[in-house]
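Chain letters run A, B, ... following the sequence lines, proteins first and then strands; every chain starts at 1.
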Amino acid sequence: MTTDPYTRIARMLRATALAVAATALALVVCVAGPSGPAGATSYVPVTGDGSSWSAGALDQWIADVHADGIQINYTSDGSTTGRNNFITGQSDFAASDIPFQTNPGDGSAPEHPQAGSYAYMPITAGGTVFMYNLKINGQRVTNLRLSGANITKIFTGAISNWDDPALAADNPGLQLPNQSIVPVVRSDGSGTSFEFTQWMISQNPGLWNSYCSKAGRAPACGSTSFYPTVTGMIAQNGDLGVASYVSQAFASGSIGYVNYYYALASHFPVVQLLNSAGYYTEPTPQNVAVSLLQDKVDTTDVNNPALYLTQQLQGVYTDPDPRTYPLSSYGYLILPTKVGSSFSTAKGSTLAAFAYYSMCQGQQQSAALGYSPMPINLVEASFAQIAKIPGANVQSINIQGCNNPTFTPTGVNLLAQTAPYPPACDKQGPTQCTTGTGGAVAVVTPVSRTSTAGPSSTTATGAAGAAGAAAASTAAGGGTAGSSSAATSQTCDPTTGACTPTSGSTGSADPSLAPTAETATLATATGWSTTQTLLLLIGLVLLALMLVPGLMSRRLERKRSP
Amino acid sequence: MSLLDQAITAPDEPVSGAPAPQVRRKVRGVRRDMVLNLAGAALAGLSGSWLLGLVAGLAGIVGFLVVAYLLFVVAYAVLVSLTEDRPAVKDAVMTVLMASMAVLAFTALGLVIFFTLAKGWHALIHLNNYTQDLSSTGELAPLTQGGIGHAIVGTLWMIGIAVVFTVPVGLVAAVYLDMTRSRPATTFRTIVEAMSALPSILAGLFVYAAWILTLGFEHSGLAAALALSVMMLPYMIRASDLALRLVPGSLREASAALGAPSWRGEVQVVIPTARSGLATAVILGIARGIGEASPVLLTAGYTKTINADPLHGPMASLPLIALKLVQSGNANYTARAFAAASFLLLLVIVLFVIARKIGGWGPGHLSERGLRRVREASARDAERFARSQAARDVAAFAPAPSGWDATSPPDPSSTKDTR
Amino acid sequence: MTTVTPGFGRTVAHTAPQGSDQRPRRQLVDTKAPAEKAFLGLTRGSALVVLAVIALVGIFLTIKAVPALKVAKFSFLTTQAWQPDIHRFGIAGIMTGTILIALVAVVIAVPVALGLALYITEVAPARIKRTLVSLVDLMAAVPSVVYGLWALLFLQGRVVGVSRWIATWFGWIPLFHVNGADPSNPVQSGTLYSASTFIVGIAVSLMVIPILCSVMRETFSQAPLGEREGAYALGATRWGMIRSVVLPFGKGGIIGGTMLGLGRALGETIVVILIISPVYNANLHILQSGGNSVSGLIANLYSESSAFGTSALMAAGLALFALTLTINFAASAVVARSRSGAESDA
């Protein structure tokens, strides 16, 4: 304490001044901020975000090019966020499954990118799959098959239990459990949701509209990036969120839509979807390649960025090829074509190099990841789009150096050419394959032989009709009725309209439903009933048994002692 | 034997000719019957719950424990009531309830810490976890590749900048609160106290809307640091204010009585005295800011690559990547997420232990070196006094002092005897 | 606890030379040296900076929220939907979810924190008291993301069974009802009970327990020693003393602490976005999957909203801001009153 007070004060003041100066300096630096050091010839970091559907492939490519010094920061936060951040200039590029929504039909705000500031480029091809977590007698089901109509009903609440006869019709070899179906959808703005809802509308527009209004989206109800939810559904953020929810141990009975990639990565099976040819397929890279031959990609006007290379998927939905997977589509990159506030030519050259890698070498990894490599016509069209990026090194972008596995001398997609036809057991009918799907391909699910003996073709149509007829009524009542929908183990006869509980032997033609009856013998009321009272009594008696002997002996002893 | 004697002896003691020697009742510490009662009741609870489980079927381990606990409390009450009266039974049961609440809370804390460390362990033990980033690490890459280095760098940048922004302003504002006891100061204190519980997402939303959307800056470490600063500032002021208020008023009065102007009193007396408390405030503020994910989520963007430039480009932080990676569902990414969370947790615990160490000293505590310095100073003073005493003895009739200068350096040669 | 001298900060000046016979009355003059003025200016300045930042947050949120509020008007408080772009949005559902989460958290946290605080102040042996206080403080310092990860991967799977049990036995209480629950079905999925308000509430309660506990502990420890000893002298047991002295005395602390905890619980984000399945209408069944909170809404939607959608988010943020601020002000008032009472009683 002997130090001169003046020195100490001076020291203190100096320290304070230093701190203030540092703060001021930091402020000055950041106000001068956004310009920053640019213009270096080497690669500079580029930032983009968007689709989680394509993210599996993009992340792999980003990891690959990192060795070459190309740094891409990609966040998979949903297509809507990607387009939004592209418009507001917060990112350099975006990945989106769908184009800018200039005239949305679902009541979201129109998106207006700056004219001439962007170009679409298809970058991945793949299938949207339904990943599910379902067990029969403790054994995981890996060969579930569903028709588009049933998927639509599941995701609009019209079918809410796995033992629904309509589902049994798709799966003659399985005895699906009496368990409620929990659809898992996307909570964030997603291009996958948009394409999925667009497909469901093509399957059954009436059902979708009634569902949509029930979910509180009354006035505007087209295909939407924001999936409307009702009680009983789970909404999760991103494909990853959906996949990780479905794969949790407690989440049995759940089914969610994600890219094929996520089902493979989580080692979970996917639904085999019924196509127009009457086959249940899954989106293997080959099947996707076949399907997308019917995807009408707009190539009319290279100077119309709003339309050029966008896709029309209706053809895929109705493709008569037995190998088709109806929910196949392309994922897109939205490339910047103008230097903007944060986008420079240096970034452009980096981004172009990345895009070129993605279209060529990158596609070699697609199939292993669960995506399908791009065909040559789209690769060539994409090169023209890449060349529009300011700063792109145009000389290095050519088809000769492109090492893409789908190329053939004739220009036909090699994968589509060699794609195998589905086995006979995958055909709609009494037989069902036992082989697993998706990420659980090695897991065999035994099918019951007895059911195949029955007249399943008629059962199938009959049950499907039943569910279809019941759809309108259940859709209106399902969510609002609350407790009454608790055990929807009722089957409705399509012709008479009479509904009977499945517990009794009903007029249901499918004998495989019978085993579920025994589960309904227990008391079903949720409230306080005799069962509860009985249980409470048992508890009290047990407690008394424990305590009374000791207490009694004590009391007797005390009485005796005086 | 008089009635009085009878009343004094315990009622259940047999009344005999010679009064039995009174046994001193043990009121403190652990008694044997207490331990036996507890053990017996615990045994009854567990076995009863097991029996009930056989009959009724309970909801897993949680249900078993809940039922066991309820049975335990009932059994304990009954056991105590065998020997004690009603208030004592109540006391015993309530004591058990209070203790079990403590056990419950600390068990939960222990579970959180243990689970996080256990899940993160496989990733934590690899050195590459701290030195590498995730830029070239695929989802299936083993844990011996890639790491959370980019998040560590990002966290350091963000918290560093936030500290530069908040510590000077926060400390000085706390000094303002300490120096003035006016109405505006009281109002200011109330506002700061209320703001210290501001939902952190709002700090993030504010910076996102103002800095990124309105002013057009990009997602960056700086934006995240700004959001953290908005969040940490009220907290820092409140904690520093509390530390300053712990300084005894007598010290201020002493300084004022010596004629020091208030600012000198503050700078030379109050702040040095409260130094350990202030350091604790700063450290706890950092510990709080370092673990916040929501402001960072809105402002920093997200990247898998090391970004050492806080002004440009997205930046990751430890809580942010823990959040993002765990959402992936992939086993290896989940392990990395837990590694990030464990690292964060360890960081916070280390900061916390440091804060405890410093904070435990209390105002005016001195370190070893400080103590030595003070001893040396007082030794010098003693020597000086001795010398001046000697001088006074020599010149017994020295002239009276003309004045006393408080600010002059305590140089023995110039110090005059004031007596 | 600190006393302040009234003359602190003033210097004494003599107005007359000392030599005169009649000493005039000393006059106190506030003569502040330049250094003093500069120092005071600095402190006042930084206080102003802090105030400006705080005000800026409020003002900016308000300004940004005005476009949305202008469109929605009163319906903002009553609508249970979030579609800002077709002007159908409101916080009725989301605010209900926010408050439910906070209430679940507080209902769980209050008994635990009360027991914990009483245990630390009244029961625990003196040598472990300090460690226990440190542990409670550590509990407060654990980052919310750590609680979130734990709740997602450890708690959720275990709570599902408890939820199912409660729903089975107490499903007749509307709050615990679960739509679609079928207790008789042994293969009933746990999904119905996952991602629920209840699970989030449990995780948030762990975050608010230390807040409640430290406020309560502080007031309990201020209970006057005289009254405690008086109670013991009258033959009270420890619990009797606690009931008659500590609890009445600490009532302000209990209420204030609970409100502070409520304020904190209202704003929790990370656990909500990690666990809950977002819905936009009010889900009053706390055990059933689906819920939301304002902070979760902001975190989920900030990046994908249009300009107007962002404005609507700001309006929701503003509502949360107003709610937490009100609760916090009330809480500090209650706590402050109980503290001032402590001083007068002692």
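Judged by distance alone, with hydrogens and angles left aside, the side-chain atoms of C:Glu304 form a donor-acceptor pair with the main-chain N or O of A:Gly189 at under 3.5 Å. Not one N or O on the side chain of C:Asn300 forms a donor-acceptor pair closer than 3.5 Å with the backbone of A:Asp188. C:Asp85 contributes no side-chain N or O that, together with a main-chain N or O of A:Ser108, makes up a donor-acceptor pair within less than 3.5 Å.
Side-chain contact between A:Asn84 and C:Ser306 is absent, with no heavy atoms from C-beta onward closer than 4.5 Å.
At a 4.5 Å heavy-atom cutoff, A:Gln90 makes no contact with chain C through either its backbone or its side chain.
Atoms CZ and CH2, from A:Phe226 and C:Trp82 in turn, are 12.5 Å apart once rounded to the nearest 0.5 Å. With rounding to the nearest 0.5 Å, the separation of OG in C:Ser303 from CG in A:Asp49 is 7.5 Å. If you take CD on A:Gln236 and CD1 on C:Ile273, they are separated by 11.0 Å, rounding to the nearest 0.5 Å. The line from CG of C:Asn281 to OG1 of A:Thr229 is 7.0 Å long, rounded to the nearest 0.5 Å. Rounding to the nearest 0.5 Å places CE of A:Met233 at 11.0 Å from OG of C:Ser289.
Ranked by heavy-atom pairs shorter than 4.5 Å toward chain C, the options A:Pro104, A:Ser79, A:Ser225, A:Ala235 are led by A:Ala235.
A:Ser187 approaches C:Pro278 most closely through the heavy-atom pair CB-CG, 3.5 Å.
Between the side chains of A:Tyr245 and C:Ser277, no donor N or O sits under 3.5 Å from an acceptor N or O.
Residues satisfying the ring pair (Phe, Tyr, Trp, His ring centres under 6.0 Å) criterion with C:Phe154, sequence neighbours excluded, are B:Phe115, C:Trp150.
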